[in-house]
Amino acid sequence: MMALLAVCTAAQAQESATTNITGKEYPKVNPDRTVIFKVDAPQARTVAVDLGGRHQMTRNAQGQWEVTTPPIVPGFHYYSLIIDGVSVSDPNSKPFFGSGKMMSGIEIPEVCVDYYLDKDVPHGEIRVQRYWSDLTQSWRVCRVYVPAGYDTDLDARYPVLYLLHGAGEDETGWSEQGLMYNIMDNLIDEGSAVPMIVVMDHGVATIPGARSSGMFDFTSYEKVVIEELIPMIDSRYRTLPDRLHRGICGLSLGGFQSFTIAMDNRDKFAWLGGFSGSGKGPGTAADLYDKSMNDDFKLIFISTGTKESPQMYATVKNFHDILAAAGVRHIFFQSAGTDHEWLTWRRSLYRFVPLLFK
């Protein structure tokens with residue numbers, strides 16, 4: 001309760017964005033969710049902020065470029081500055097990898113919501129794990145979350161969730177933008193979730209000589225996951241290395257990847273989820289899904305934001321209808337008022353994780 005009250009109180013005052021570089025005052029978020037930007041660009045002729053639309057800036061009395069935006073919806077948002085027609089990152093913002101490049105980002109607080117915030121609870125750790133891939137002939141990198149107590153209770157072994165990012169993002173997305181470590185720490189501390197290891201791999205793989213039919217051809221990445229990533233994790237971490245203790249889910253393109261990989265390898269996964277992306281790619285034939293999934297999977301979870309684009313919303317909703325018509329047990333979660341964005345995916349993870357490995 002104290003943490004919840006602290007969040008509610010903080011939302012009543014103007015605050016520097018939590019996504020700012022340490023020591024940078026602007027951008028600032030007002031209680032009404034408008035945002036004040038100030039930028040030093042003395043030689044610029046025009047400056048604007050691209051955040052949910054373009055907001056033209058003007059020079060203030062101190063010679064800085066300044067603007068106050070309209071109210072911005074809560075959650076994490078990528079943004080950029082447009083200086084003399086060129087899109088650049090804001091030097092006041094921490095960098096985040098999204099849309100295939102480093103971008104600025106801003107967190108607009110949700111009032112009285114704290115499940116993804118840092119609390120006074122035992123914290124797990126995120127480790128950067130390099131591994132050699134014979135398939136791609138390259139070093140690959142994944143991030144691995146281990147729960148609090150992993151390094152002290154050396155007899156404990158853990159189930160594993162493979163958590164995939166979306167298109168244009170990488171293995172840093174779930175931790176930096178999604179704040180998954182706070183979600184996991186808080187759920188585990190309150191007893192809502194089983195302590196588990198979470199693996200966030202880079203969801204792109206190129207195998208020399210292999211041909212691809214497009215962005216929804218996951219053949220090469222699936223081989224990396226099954227033949228290299230899972231064996232590496234099971235050999236280097238204290239896992240429970242069987243399908244009943246292994247799950248996979250992802251957001252957007254990562255959701256499609258998760259369903260493809262799990263459906264092709266039912267002997268490897270018993271827990272399956274897709275957030276704003278599910279099924280074996282858009283337009284998947286309904287006859288791929290039948291009641292045998294009820295025997296193979298302990299949980300199937302799909303979700304979408306109610307404000308997503310009509311095409312994306314329909315893709316997930318239609319897949320829900322396909323599963324329902326086939327008699328496949330599943331959970332369909334709709335995030336009220338959110339778009340194709342991190343708040344949808346944080347909410348989805350928050351609801352998915354407590355259902356796992358029970």
Side-chain angles (χ1 to χ4, degrees), residues 1-7 18 75-76 107 110 112-129 142-165 171-201 229-230 233-234 236-251 254 258 269-275 297-301 303 331 333 335 342-358:
M1 179 62 71
M2 290 300 294
L4 185 62
L5 290 174
V7 174
T18 58
F76 175 90
E107 186 78 35
E110 284 189 279
C112 298
V113 174
D114 66 350
Y115 68 88
Y116 54 79
L117 301 183
D118 192 3
K119 298 183 184 180
D120 185 15
V121 301
H123 292 299
E125 182 177 281
I126 291 183
R127 300 177 178 180
V128 177
Q129 179 67 64
C142 63
R143 290 194 170 191
V144 181
Y145 167 88
V146 295
Y150 182 85
D151 290 325
T152 55
D153 185 358
L154 299 182
D155 292 327
R157 304 187 75 86
Y158 300 88
V160 183
L161 172 64
Y162 289 83
L163 184 59
L164 307 184
H165 61 80
E171 70 280 358
T172 66
W174 269 110
S175 55
E176 299 303 318
Q177 291 96 295
L179 302 179
M180 59 76 58
Y181 50 88
N182 283 339
I183 296 174
M184 297 301 303
D185 288 345
N186 295 338
L187 285 172
I188 292 171
D189 178 70
E190 68 186 34
S192 297
V194 172
M196 67 187 76
I197 294 169
V198 183
V199 179
M200 296 157 282
D201 191 42
L229 178 61
I230 291 175
I233 293 295
D234 285 342
R236 297 190 185 185
Y237 293 84
R238 299 194 313 278
T239 69
L240 293 165
D242 59 73
R243 64 178 296 275
L244 291 178
H245 295 94
R246 188 182 297 124
I248 187 169
C249 74
L251 69 89
S258 296
F269 303 95
W271 312 82
L272 172 59
F275 312 152
F297 296 105
K298 303 284 286 184
L299 171 68
I300 297 171
F301 180 105
S303 69
I331 292 175
F333 166 66
S335 172
W342 278 103
L343 196 51
T344 297
W345 308 322
R346 289 174 183 173
R347 290 177 178 177
S348 298
L349 186 68
Y350 178 66
R351 285 157 178 80
F352 179 65
V353 165
L355 305 174
L356 296 175
F357 311 123
K358 295 180 178 179

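All residue numbers refer to positions in the sequence shown, counting from 1.
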Would you please name every residue forming a side chain to side chain donor-acceptor pair (under 3.5 Å) with [X], sequence neighbours left out?
| X | answer |
| --- | --- |
| Arg246 | Asp234 |
| Thr18 | none |
| Asp185 | His123, Tyr145 |
| Tyr162 | none |

For Phe297, ring-ring contact (aromatic ring centres under 6.0 Å, His included) partners two or more places apart: none

Listed partners of Tyr181 passing ring-ring contact (aromatic ring centres under 6.0 Å, His included), at least two apart: none

So do [Y] and [X] actually touch side chain to side chain, heavy atoms under 4.5 Å?
| X | Y | result |
| --- | --- | --- |
| Ile183 | Tyr115 | yes |
| Phe269 | Ile230 | yes |
| Met184 | Val353 | yes |
| Gln129 | Val199 | no |
| Ile248 | Leu164 | yes |
| Leu161 | Trp271 | no |
| Leu299 | Leu272 | no |

Pairs where residues 346-358 contributes a residue and the test salt bridge (Lys or Arg N to Asp or Glu O under 4.0 Å) is met, not counting sequence neighbours: Glu107-Arg346, Glu110-Arg347

Could you tell me which residues satisfy salt bridge (Lys or Arg N to Asp or Glu O under 4.0 Å) with [X], sequence neighbours excluded, listed by chain and number?
| X | value |
| --- | --- |
| Asp155 | none |
| Glu125 | Arg127 |
| Asp153 | none |

Set of side chain to side chain contact (heavy atoms under 4.5 Å, CB included) partners for Glu171, sequence neighbours left out: Val141, Arg143, His202

Residues in side chain to side chain contact (heavy atoms under 4.5 Å, CB included) contact with Arg238, at least two apart in sequence or another chain: Tyr150, Leu154, Arg157, Tyr158

Exam field: side chain Ser258 to backbone Gly274, donor-acceptor pair closer than 3.5 Å: no

